[in-house]
2 protein chains.
Amino acid sequence: MTGMTAPHTSFSPADNPRLGLRERKKIKTREAIRTAMYALVTEQGYDATTIEQIAERAEVSPSTVYRYFPTKEDIVLTDEYDLLILEELRARPADEPWPVSLRHVMHRAIRLGAKDDPVVSRLRTRLMVEVPAVRSRMMESMSSTGRMLRRAIGERTGRDPDSLEVRVYAMSIVGGLMETSMYWAEQEHEPDFNALVDRALNVIEHGLPPENH
Amino acid sequence: MTGMTAPHTSFSPADNPRLGLRERKKIKTREAIRTAMYALVTEQGYDATTIEQIAERAEVSPSTVYRYFPTKEDIVLTDEYDLLILEELRARPADEPWPVSLRHVMHRAIRLGAKDDPVVSRLRTRLMVEVPAVRSRMMESMSSTGRMLRRAIGERTGRDPDSLEVRVYAMSIVGGLMETSMYWAEQEHEPDFNALVDRALNVIEHGLPPENH
DNA sequence: CCATGAAATGAGAGTAGCTCTCAAAATCTA
DNA sequence: TAGATTTTGAGAGCTACTCTCATTTCATGG
């Protein structure tokens, strides 16, 4: 969620030899396509990169590319955070206040994301800011993140996850956090993301702080 | 903003005879294209409707359609609310508390939107919920609505509109209100939208209310 | 009222994302 | 090793969208 870099299935293909050859090959192909795309986008930019080129460099057919990814944007934008966050939220003690849980989980997710290749991370968030189609797809995923979050809130607080209140609450969190990652990307990833998220959650919890200047 | 139905340039072409013939024709063409699209979408659904069909029914060439609207989604989704809301916000007394202003302005916007053709309104919000491409485009416009809103907040509170805090605050409002209109559409537009917006703003201002059951 | 300039339109070609189908190739299972 | 199953490649096809250029339509000053 929030559009930060995702730790997309980082099995090395060599790992997990217990997986059948078929499965291992699939993982390898997925990675090959992604890698090809990242390289081409770095070289030529997003729009100038065609599926055909990606297929060629990944040594697969264009059909195969589409079999692995529904859209071009999805090749750069995979977010496995949602499930991860949901699990982590469930793992928090049930009596912990909700905002505290959320904070913990966000920090944890960031830590996991940081393990990822930082070059790819930055490329991805940059594309999010720069390429409308990518940002758009990202935002599209907000809806599903919102659904996930409201389910979590429902479980946690015993509220109806489909009530307007819970939905609005969840979506305002998602919106705020997404803005945070765009901010982070626009600042060239220079500030500490953890600190930004804390400030963002403060605003969401308590509204705008009194002016300081 | 918030994805509710927009009062898209509702001049009847006959109006404003002081406009040159050229201008009047342009307005007429715009309306013709929109009307054609609405009709076709109602008959066949969004995806089944092609630009060529729209052009044919509107009695213009496909090129012309693209000259008037950058994308197919934009034919159904025009949002002139942003500017309107910005103006209204500026018109509120400077010493009025921000949340109060926001509430007033939202209600006013809804009232204006209600003047629009309700059939078209409903069609539009339905498409927003049902057609991914439309929803996606809608969400894309959230970014610009967010920018507008943070500028307004900046003017109003003297804060830096580009600070993380203001940005997050603005975006959480936008996210919450967008969720509200999706909720409204999903409920078949049956609840009173004003009431929903009030509940949503309550949540955004004060967080989730204590449980009631 | 007409001639000249400017703007809007139409026709058409072209690109690329995405879908679908079907046959060939690769992997799994017995 | 044979047969069943899955994955892949090739290719045709659709449509959104872009660009170019000739033609038509409107505006305006004489």
Side-chain angles (χ1 to χ4, degrees), chain A residues 13-14 16-34 36-37 40-41 43-77 127 131-138 140, chain B residues 9 13-14 16-34 36-37 40-41 44-77 127 131-138 140:
Chain A
N16 258 342
R18 46 148 130 236
L19 256 54
L21 173 55
R22 216 162 233 171
E23 296 304 314
R24 271 176 288 155
K25 260 202 164 172
K26 271 164 85 171
I27 292 173
K28 226 164 125 182
T29 305
R30 245 188 122 73
E31 279 184 5
I33 294 172
R34 272 224 169 83
M37 170 121 201
L40 286 167
V41 168
E43 290 169 21
Q44 329 172 333
Y46 183 86
D47 288 328
T49 301
T50 79
I51 298 285
E52 213 168 330
Q53 293 173 336
I54 299 169
E56 195 182 342
R57 181 158 313 192
E59 298 186 285
V60 292
S61 77
S63 327
T64 300
V65 174
Y66 283 114
R67 241 177 236 115
Y68 280 81
F69 299 94
T71 74
K72 187 179 166 186
E73 293 84 46
D74 284 300
I75 306 179
V76 274
L77 270 188
L127 290 177
V131 182
V134 174
R135 181 175 50 242
S136 180
R137 189 84 174 117
M138 178 84 249
E140 175 62 18
Chain B
T9 352
N16 257 343
R18 49 150 128 233
L19 256 56
L21 174 55
R22 215 161 232 171
E23 296 304 313
R24 272 176 287 155
K25 260 200 165 173
K26 272 164 82 171
I27 293 174
K28 227 164 123 182
T29 306
R30 245 188 122 73
E31 279 183 6
I33 294 172
R34 271 225 170 82
M37 170 121 202
L40 286 167
V41 168
Q44 328 172 334
Y46 182 87
D47 288 329
T49 300
T50 78
I51 298 286
E52 213 168 330
Q53 293 173 335
I54 299 170
E56 195 182 343
R57 181 158 311 192
E59 300 186 283
V60 293
S61 75
S63 326
T64 300
V65 175
Y66 283 114
R67 244 178 232 114
Y68 280 80
F69 299 95
T71 74
K72 186 178 166 187
E73 292 85 43
D74 284 300
I75 305 180
V76 275
L77 268 190
L127 289 177
V131 183
V134 174
R135 181 175 50 245
S136 179
R137 189 84 174 114
M138 178 84 247
E140 176 62 18

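Throughout, a chain's letter reflects where its sequence line sits, starting with A, and its residues are numbered from 1. These numbers come from a predicted model, not from an experiment.
Between atom CD1 of residue I33(B) and atom CE of residue M37(B) there is a gap of 11.0 Å, rounded to the nearest 0.5 Å.
In this structure the side chain of L77(B) never reaches within 4.5 angstrom of the side chain of L127(B), judged on heavy atoms. Looking at heavy atoms from C-beta onward, T64(B) lies in side-chain contact with R67(B) at the 4.5 angstrom threshold. The shortest side-chain heavy-atom distance between Y68(B) and V60(B) does not fall under the 4.5 Å cut-off. Using a 4.5 Å heavy-atom cutoff, the side chains of E73(B) and E140(B) are not in contact.
When all heavy atoms of Q53(A) and A48(A) are compared, the closest pair comes out as OE1-O, 3.4 Å. When every heavy atom of I75(A) is checked against every heavy atom of V65(A), the shortest pair comes out as CD1-CG1, 4.0 Å.
Rounded to whole angstrom, the span from the CD atom of E52(B) across to the P atom of dC14(D) amounts to 11 Å. Between I51(A) atom CD1 and dT8(D) atom P there is a gap of 16 Å when expressed in whole angstrom units. Distance CZ (R30(B)) to C1' (dA8(C)): 15 Å, rounded to an integer number of Å. Distance L40(B) CG to dA16(D) C1': 16 Å, rounded to the nearest Å. Rounded to whole Å, atom P of dC18(C) lies 13 Å from atom CD1 of I33(A). When the P atom of dC26(D) is taken as reference, atom CD1 of I27(B) falls 15 Å away, rounded to whole Å. Counting to the nearest Å, the C1' atom of dT15(D) and the OH atom of Y46(B) are 12 Å from each other. The CZ-P distance, from R137(A) to dG17(C), rounds to 15 Å in whole Å.
Residues from residues 53-69 of chain A lying near DNA chain D, meaning a heavy-atom separation below 4.0 Å, are V60(A), S61(A), S63(A), T64(A), R67(A), Y68(A) in numerical order.
Residue K72(B) places no side-chain N or O under 4.0 Å from the OP1 or OP2 atom of dC17(D).
Within a 6.0 Å radius of CD in Q44(B), other residues, nucleotides and ligands contribute more than 12 heavy atoms.
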**OP:** For each nucleotide in nucleotides 24-30 of chain C, reading 5' to 3', give B when a protein heavy atom comes within less than 4.0 Å of its base, S when such contact involves only the sugar-phosphate, and - otherwise.
**Re:** --BBS--
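Screening R34(A), R137(A), R30(A) for a salt bridge (Lys or Arg N to Asp or Glu O under 4.0 Å) with D74(A), the sole residue that qualifies is R137(A).
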